[in-house]
*Asks:* 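Quick one: the structure is below, questions incoming.
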Amino acid sequence: MKIKRFLKWSALAILLILFAWFEFAYWTSTNDCDQKAGAPTHPMKAIRYCEYGPPDEVLKLEQVEKPVPNDNQILVRVRAVSLRFYDGGMLQGGIGRLIFGLRKPKNTTPGSDFSGTVETVGSNVAEFKPGDEVFGVRAGALAEYICVTASRAVVSKPGNVTFEQAASIPTALTALQGLRDTGHVKAGQKVLIYGASGGVGTFAVQIAKAFGAEVTGVCSTKNVDLVRSIGADYVIDYTKEDYTKSDQRYDVIYDLVNNRSFAERRRVLKPGGICVLAGVGGSGMHKETLFNMAGALTASLRSKFAKEKFVMFGVDINKKDLGILRDLTESGKIVPALTKTYPVTETAAAYTYLETGHASGKIAITIE
C-alpha cells in the first residue's frame, strides 16, 4: 500500500511540475515586438509577424533596422525567397509552437530559402566579394537584407537561372538526401515519386533521373503535363489509377504523401526495396495531416520486422550539398519548377495559396 501511495503521489507531483513548467514557458514566451523602439536609423523593408494567426491578419511589411555583418558574415541584398511546406505552419502555430515559440513566435521574420547579391563582406571572408550572386538558407530571409555566415549554408548562384528559381533550390536538399542517403538510388533502378508535382517532388523526379533511375511520378490530372515535362518516364494520375494495385514493382518509393497503408506500399516494392517517408501530403495542417504523420511512424516501426524498409529521415542543411545542387542546376540536370511568383507586398497571398496544400512546384516572393 505504501508503494502504491508513493507512486501515485510521485506521478501527481511530476504532472504538477510539468504543468507549472509549461505555464511558465508559455507566459514568458515573447519576441522583440514587445520592445519599444524608435524609427530605425538605417531602415530596410521586412515581413514580420508578432502573433500566430492567418497570413492576412499577422503578416506585415514594416521598416526595421538594417543588419550589420560581423567579421565572418556577408551582408546579402535579398532578391527572392521561396516558401517551404512548413512555412504556413509556422504562422498558424499549432504543434509548431513547441519549436517556434509557445505563446508568440520567437523569430518574427519568416522565410529561410533565399537568393540575392552580396553587398558587403566581413574582414575574415575570402570566399565572397561584393556583387557576387548567391543562394542559401538563413532564418528570417523575408527581408531586404540579411547577414549570413559565409562558412555555412550559402553558395554561389547558378548563372543559368533567375533569382526566383535559385531561391527555390534549397528545397531540393530534401529530395537529394532522401534519394541518395536514405533510398540509395542507383542507375537502372525503378523509382516511384508519390507527390511528384509538389515543391520537393518536382526536384525528386529530376534528381532520381540524374542518378540514372527509371522514374514514375504520381500526381493529379492537372499536373500530369508538369511531371512529364521535368523528365518522368511514366506518370500515373492517381484520380484514375491506383499505383498500389499495379503489377509494377519498384526498388524505391519516395513518398511525400503517406496516405497509403503499409501493406499497400509494401506490395509494390521489390524484395528488399525501400520506401523513403519524406512528407505528409503538402503544406499546412489539414484534417488528414495527423493521420498521415501517424501512418508514416507506424510504417517505419512495422518495417523493422520486414525485408522491405520504410525509413524516415532528417534533412541536413549544409554547404556541400547546396554546392551539389548548384552544379546539377548549372549542368541542366535539374530545373526549378517555379509555378507562382508574388511581390513582397502580396506575401500574405503567397502563404494563403501555400496553405491550400495543393500547390504545384515552387512559390517565390520577390523583394524589390
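Bear in mind that the values here come from a model prediction, so they are computed numbers and not experimental data. Only heavy atoms go into these numbers, but all of them, side chains included; no hydrogens, no water, no symmetry mates.
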*Asks:* Is the closest side-chain donor-acceptor distance between Asn72 and Thr149 under 3.5 Å?
*Replies:*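 The answer is no; no qualifying pair exists.
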
*Asks:* Can you confirm whether Phe313 sits close enough to Val276 that some side-chain heavy atom of one is under 4.5 Å from a side-chain heavy atom of the other?
*Replies:*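 Side chain of Phe313 against side chain of Val276, heavy atoms only: contact under 4.5 Å found.
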
*Asks:* Scan Lys309, Lys270, Lys190, Lys186 and name whichever one has a salt bridge (Lys or Arg N to Asp or Glu O under 4.0 Å) with Asp251.
*Replies:*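 The option that passes is Lys270.
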
*Asks:* Does the separation of the ring centres of Phe262 and Phe310 fall below 6.0 angstrom?
*Replies:*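 Yes: the rings meet the under 6.0 Å criterion.
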
*Asks:* With the threshold set at 4.0 Å, does a side-chain nitrogen-carboxylate oxygen contact exist between Arg180 and Asp321?
*Replies:*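 Judged by the 4.0 Å cut-off on N to carboxylate O distance, Arg180 and Asp321 do form a salt bridge.
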
*Asks:* State whether the number of non-hydrogen atoms from other residues, nucleotides or ligands found under 6.0 Å of Lys333 atom NZ is greater than 12.
*Replies:*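 Open.
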
*Asks:* Are Pro110 and Leu59 packed together at the side-chain level, in the sense that at least one heavy-atom pair is separated by less than 4.5 angstrom?
*Replies:*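 Yes. Closest side-chain heavy atoms under 4.5 Å.
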
*Asks:* So is Lys157 actually on top of Phe163's ring, under 6.0 Å and inside 45° of the axis?
*Replies:*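 The answer is yes, since Lys157 meets both limits relative to Phe163.
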
*Asks:* Going by heavy atoms in the side chains, are Arg84 and Thr171 under 4.5 Å from each other?
*Replies:*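 Yes, side chains in contact.
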
*Asks:* State, yes or no, whether a side-chain contact exists between Val335 and Thr329 at a heavy-atom distance under 4.5 Å.
*Replies:*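 SC-SC contact between Val335 and Thr329 ruled out.
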
*Asks:* Begin with the C-alpha distance, continue with both residues' side-chain angles, and end with the deciding distance and a verdict on ring pair (Phe, Tyr, Trp, His ring centres under 6.0 Å) for Tyr194 and Tyr254.
*Replies:* CA-CA 6 Å; Tyr194 187 26; Tyr254 187 82; over 10 Å; no

*Asks:* On the ring face of Tyr353, is Lys340 found with NZ or CZ under 6.0 Å from the centre and within 45° of the axis?
*Replies:*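 Positive - Lys340 is close enough to the ring of Tyr353 and near enough to its axis.
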
*Asks:* Any side-chain heavy-atom pair from Thr120 and Pro69 closer than 4.5 angstrom?
*Replies:*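 A side-chain contact under 4.5 Å exists here.
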
*Asks:* Please tell me whether Leu75 and Val137 are part of a single hydrophobic cluster in this structure, the criterion being side-chain heavy atoms less than 4.5 Å apart.
*Replies:*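 Hydrophobic grouping puts Leu75 apart from Val137.
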
*Asks:* Would you verify whether the NZ or CZ of Lys66 falls within 45 degrees of the ring axis of Tyr145 while also being under 6.0 Å from that six-membered ring's centre?
*Replies:*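 Yes - Lys66 lies over the ring of Tyr145, closer than 6.0 Å to its centre and within 45° of its axis.
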
*Asks:* Under 4.5 Å between any side-chain heavy atoms of Thr244 and Arg267, yes or no?
*Replies:*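 No - every pair of side-chain heavy atoms lies 4.5 Å or more apart.
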
*Asks:* So, Ser156 versus Arg326: side-chain donor-acceptor pair below 3.5 Å or not?
*Replies:*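 Distance-only check passes for Ser156 and Arg326.
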
*Asks:* Decide if atom CZ of Arg77 counts as having more than 12 heavy atoms of other residues, nucleotides or ligands within a radius under 6.0 Å.
*Replies:*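 Above 12, so yes.
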
*Asks:* Quick one: side chain to side chain contact (heavy atoms under 4.5 Å, CB included) partners of Lys222, sequence neighbours excluded?
*Replies:*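 Per chain and number, Lys222 pairs via side chain to side chain contact (heavy atoms under 4.5 Å, CB included) with Ser220, Ser360.
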
*Asks:* Please determine if Arg266 and Glu308 form a salt bridge, counting it only when a charged side-chain N lies under 4.0 Å from a carboxylate O.
*Replies:*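 Between Glu308 and Arg266 there is a salt bridge, with a charged N closer than 4.0 Å to a carboxylate O.
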
*Asks:* Does CG belonging to Asp225 count more than 12 external heavy atoms closer than 6.0 Å?
*Replies:*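 Not more than 12 within 6.0 Å, no.
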
*Asks:* How about Arg265 and Asn258: does a side-chain donor come under 3.5 Å of a side-chain acceptor?
*Replies:*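 Yes, side-chain donor-acceptor contact under 3.5 Å.
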
*Asks:* For the residue pair Gln165 and Ser168, confirm or rule out a side-chain donor-acceptor distance under 3.5 Å.
*Replies:*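 Checked: Gln165/Ser168 side chains show no N/O donor-acceptor pair below 3.5 Å.
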
*Asks:* Does Arg260 come within less than 4.0 Å of Asp242, counting only side-chain N to carboxylate O?
*Replies:*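 Result for this pair is yes, salt bridge flagged.
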
*Asks:* Checking Asp233 now: which residues fulfil side-chain hydrogen bond (donor to acceptor under 3.5 Å, both in side chains) with it, not counting sequence neighbours?
*Replies:*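 If we apply the side-chain hydrogen bond (donor to acceptor under 3.5 Å, both in side chains) test to Asp233, skipping adjacent residues, the hits are Lys209.
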
*Asks:* Between Arg48 and Cys33, is there a side-chain heavy-atom distance shorter than 4.5 Å?
*Replies:*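 Contact flag for Cys33/Arg48 side chains = yes.
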
*Asks:* Flag the pair Ile74 / Cys147 as yes when at least one side-chain heavy-atom distance between them is below 4.5 Å, and no otherwise.
*Replies:*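 In short, these two side chains do not touch, never coming nearer than 4.5 Å.
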
*Asks:* Show your working on side-chain contact (heavy atoms from CB on, under 4.5 Å) between Ile365 and Thr341 and close with a plain yes or no.
*Replies:* CA-CA 6 Å; Ile365 297 170; Thr341 303; over 6 Å; no

*Asks:* Using distance alone, with no hydrogens and no angle criterion, decide if Asn318 and Asp316 have a side-chain donor and acceptor under 3.5 Å apart.
*Replies:*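 Yes, because at least one side-chain N or O of Asn318 sits under 3.5 Å from a partner of the opposite role on Asp316.
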
